[in-house]
Novice: 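I have a structure I would like to understand better, so I am pasting it below and will then ask my questions one at a time.
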Amino acid sequence: MIETNESTAVAIPMSSLHPAPWNPRSIKDERFQNLCRSLEADPAFLWRRPILAQADGTIYAGNMRFRAAQHLGFTEVPSIVEDIPDQLARERALRDTAQWGEWEEDDLAALLRELREEGSELDLLGFDDKELQQLLDRLGK
C-alpha cells in the first residue's frame, strides 16, 4: 500500500500506479499527442495537477496524464495517493475536468447509474440536469 499526505504530491514510481479499469474517458490520437507535447514542454505542470490515486495505485484522476507520461518514458510522476473508498474515487474521477479526454458516453452513463444506485448525488458531479438525464436515458431506466 502506497500512501502520501492527501494534500501533498510526491514523486511516485510509474510502476506503482495503474489506470482505473472503470474510467469512462478516452482520448483521440491527435489530442493525446497534444497532451504529450504539453507535458514535454512543461513537465512541472504535473506538480500542479498531480495524478490522484487510491492506496492500491488505481488512478482516479489523471489517467490521460499518466498515459502520456508513460508514453514519454517518465519513470515517476507527481501523485497524491490516499486510502479512499471506491465510490468516492469514482465520484472524484467525474469531478476531475481533464480537458484531454473524450467521454465514452455509454460507459459514462453506466458509471453514473452505478453511482446513483449507490446513493451518490449526481447533481454534484458537474453535469446539468438535461445532460445528466440524457446520459441516464442512454441505458434505459
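The chain is numbered in sequence order, starting from 1. Hydrogens, waters and symmetry mates are skipped; everything else that's a heavy atom, side chains included, is used.
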Novice: Could you check whether any side-chain heavy atom of L46 comes within less than 4.5 Å of a side-chain heavy atom of L39, counting everything from C-beta outward?
Specialist: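 Yes - at least one pair of side-chain heavy atoms lies under 4.5 Å apart.
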Novice: So T58 and L17, side chain to side chain contact (heavy atoms under 4.5 Å, CB included) or not? Walk me through it.
Specialist: CA-CA 6 Å; T58 301; L17 302 170; over 6 Å; no
Novice: Rounded to the nearest 0.5 Å, what's the gap from CD on E114 to CD on E117? Could you check?
Specialist: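 Here the rounded value is 7.5 Å.
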Novice: What distance do E76 atom CD and S16 atom OG have between them, rounded to the nearest 0.5 Å?
Specialist: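 Nearest 0.5 Å value for the CD-OG distance: 10.0 Å.
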Novice: To the nearest 0.5 Å, what is the distance between CG (L88) and CD (E82)?
Specialist: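 Here the rounded value is 7.5 Å.
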Novice: Looking only at atom types and distance, does a side-chain atom of Q54 sit under 3.5 Å from a main-chain N or O of I84, one as donor and one as acceptor?
Specialist: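 Answer holds: yes.
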Novice: For the CG atom of D86 and the CG atom of L115, what is their distance to the nearest 0.5 Å?
Specialist: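 Nearest 0.5 Å value for the CG-CG distance: 10.5 Å.
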Novice: Over all heavy atoms of both residues, which pair between F74 and P43 is shortest? Give the atoms and the distance, please.
Specialist: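 Where F74 meets P43 most closely, the heavy atoms are CZ-CB, 4.3 Å.
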Novice: Mind checking whether F32 and H71 have side chains closer than 4.5 Å, heavy atoms only?
Specialist: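 Heavy-atom side-chain distance check passes, below 4.5 Å.
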Novice: Is there side-chain contact between S38 and F45, with heavy atoms separated by less than 4.5 Å?
Specialist: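 With C-beta onward as the side chain, the pair stays apart.
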Novice: Run the side chain to side chain contact (heavy atoms under 4.5 Å, CB included) test on L108 and L94 for me, step by step, so that the C-alpha distance in whole Å, both residues' side-chain angles and the decisive distance to 0.1 Å come before the verdict.
Specialist: CA-CA 9 Å; L108 174 59; L94 294 176; 3.6 Å; yes
Novice: Hey, is R90 close enough to E118 for a salt bridge, meaning N to O under 4.0 Å?
Specialist: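 Judged by the 4.0 Å cut-off on N to carboxylate O distance, R90 and E118 do form a salt bridge.
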Novice: Check for me whether the distance between the ring centres of F66 and H18 falls short of 6.0 Å.
Specialist: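 Not under 6.0 Å, so no.
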Novice: Find the distance between CZ (R67) and SG (C36) and round it off to the nearest 0.5 Å.
Specialist: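 Answer for the CZ-SG pair, R67 versus C36, is 12.0 Å.
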Novice: Show the numbers, then the answer: is there a side chain to side chain contact (heavy atoms under 4.5 Å, CB included) between I51 and I12?
Specialist: CA-CA 9 Å; I51 305 303; I12 298 287; over 6 Å; no
Novice: Applying side chain to side chain contact (heavy atoms under 4.5 Å, CB included), can you list everything that pairs with D106, at least two apart in sequence or on another chain?
Specialist: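 If we apply the side chain to side chain contact (heavy atoms under 4.5 Å, CB included) test to D106, skipping adjacent residues, the hits are R138.
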Novice: Please give me the minimum heavy-atom distance between W47 and A11, naming the atom from each residue.
Specialist: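 Minimum heavy-atom contact is CH2-N, 3.6 Å.
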Novice: Taking all atoms of both residues into account, what is the closest heavy-atom pair of Q87 and G119, and its distance?
Specialist: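 Minimum heavy-atom contact is NE2-C, 4.3 Å.
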Novice: Answer whether the closest heavy-atom distance between the side chains of N63 and R25 falls below 4.5 Å.
Specialist: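 They are not in side-chain contact.
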Novice: Should R116 and L136 count as side-chain neighbours, where that means a heavy-atom distance under 4.5 Å?
Specialist: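 Yes, at least one pair of side-chain atoms sits under 4.5 Å.
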Novice: Quick check: do P50 and V77 have side-chain heavy atoms less than 4.5 Å from each other?
Specialist: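 Not in contact.
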Novice: For D83 and D56: C-alpha separation, side-chain torsions, deciding distance, then whether side chain to side chain contact (heavy atoms under 4.5 Å, CB included) applies.
Specialist: CA-CA 8 Å; D83 189 14; D56 69 354; over 6 Å; no
Novice: Nearest 0.5 Å, what's the CD1-CG distance between I59 and N23?
Specialist: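 If we round to the nearest 0.5 Å, I59:CD1 and N23:CG are 9.5 Å apart.
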